[in-house]
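See structure below.
It should be emphasised that the depicted structure is a prediction, and the values quoted were computed from it without experimental measurement. Indexing begins at 1, ligand by ligand and atom by atom, following the structure's order.
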Amino acid sequence: MTGTDVKTILHKDIVKFIRECLKKDHPDSYLIAVLHKVQGRYGWLSEPHMAEVAQLLQVPTATVSGVATFYHFFRLRPRGRFAISVCLGTACFVRGADEIVEAFRSELGIGMGETTQDGLFSLETSRCLGVCALAPVVMINEKVYSKVTAKQVPELIRQMQEG
Ligand code: FES
């Protein structure tokens with residue numbers, strides 16, 4: 001087997017992008033861009049994918065996992081069946097979005113970017129969703145919930161569990 005026909009588990013477009021990065025100065029500076037592409041395609045960053053990024057981009061595996069864990073927008077576990085995203089834009093924040101985040105965290109027992117063990121819920125935050133008049137806003141999968149309060153969180157979770 002030659003160097004060009006090595007089997008990769010990453011999609012060929014990502015491999016191609018990494019190879020283009022290698023031709024530039026400081027290829028390692030493209031690590032975040034590469035990880036965004038991986039997450040964009042697979043929805044999260046698995047260990048095997050990160051290991052392959054490290055190998056192809058010629059950076060230590062520890063660097064890749066360090067970057068992936070440092071930035072909260074990278075997911076290290078697959079999203080749950082219900083992907084909960086609390087808007088932390090200014091309008092939502094001043095109307096109590098942080099209390100909503102806290103309520104989800106304590107009800108679900110997970111932190112930001114994490115997924116419950118049963119794979120049902122994942123929790124993340126987002127920037128302004130462009131519907132500030134409805135603040136504070138929570139997006140669950142594709143559905144927007146407006147004027148959410150922390151008190152409503154247990155009921156929202158119950159509805160999802162039953163749905
Ligand atoms: S700040 Fe939350 S929708 Fe704009």
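- Per-residue contacts place Cys92 under 4.0 angstrom from the following atoms of ligand 1 (heavy atoms of the residue considered): 1 (S), 2 (Fe), 3 (S).
- For Cys87, the nearest N, O or S atom to atom 2 (Fe) of ligand 1 falls under 2.8 Å.
- Comment: Arg158 engages Glu162 in a salt bridge, judged by a side-chain N to carboxylate O separation of less than 4.0 angstrom.
- In this structure the side chain of Phe73 reaches within 4.5 angstrom of the side chain of His36, judged on heavy atoms.
- Neither the backbone nor the side chain of Ala135 has a heavy atom within less than 4.0 Å of ligand 1.
- With atom 4 (Fe) of ligand 1 as the vertex, atom SG of Cys132 and atom SG of Cys128 span an angle of 90° (nearest 10 degrees).
- Of the possible polar contacts, one joining the Ser122 side chain to the Gly80 backbone as a donor-acceptor pair under 3.5 Å is found.
- Each of the following atoms of ligand 1 lies closer than 4.0 Å to a heavy atom of Gly89: 1 (S).
- Put simply, part of Gly130 is less than 4.0 Å from ligand 1, judged by heavy atoms.
- In this structure, the side chains of Val144 and Val138 stay at 4.5 Å or more apart for every pair of heavy atoms.
- Side-chain contact between Arg105 and Leu123 is present, with at least one heavy-atom pair separated by less than 4.5 Å.
- Shown in contact with Ala91 at under 4.0 Å from a heavy atom are these atoms of ligand 1, numbered in order with element: 1 (S).
- With hydrogens and angles disregarded, a donor-acceptor distance shorter than 3.5 Å links the side chain of Arg77 to the backbone of Thr115.
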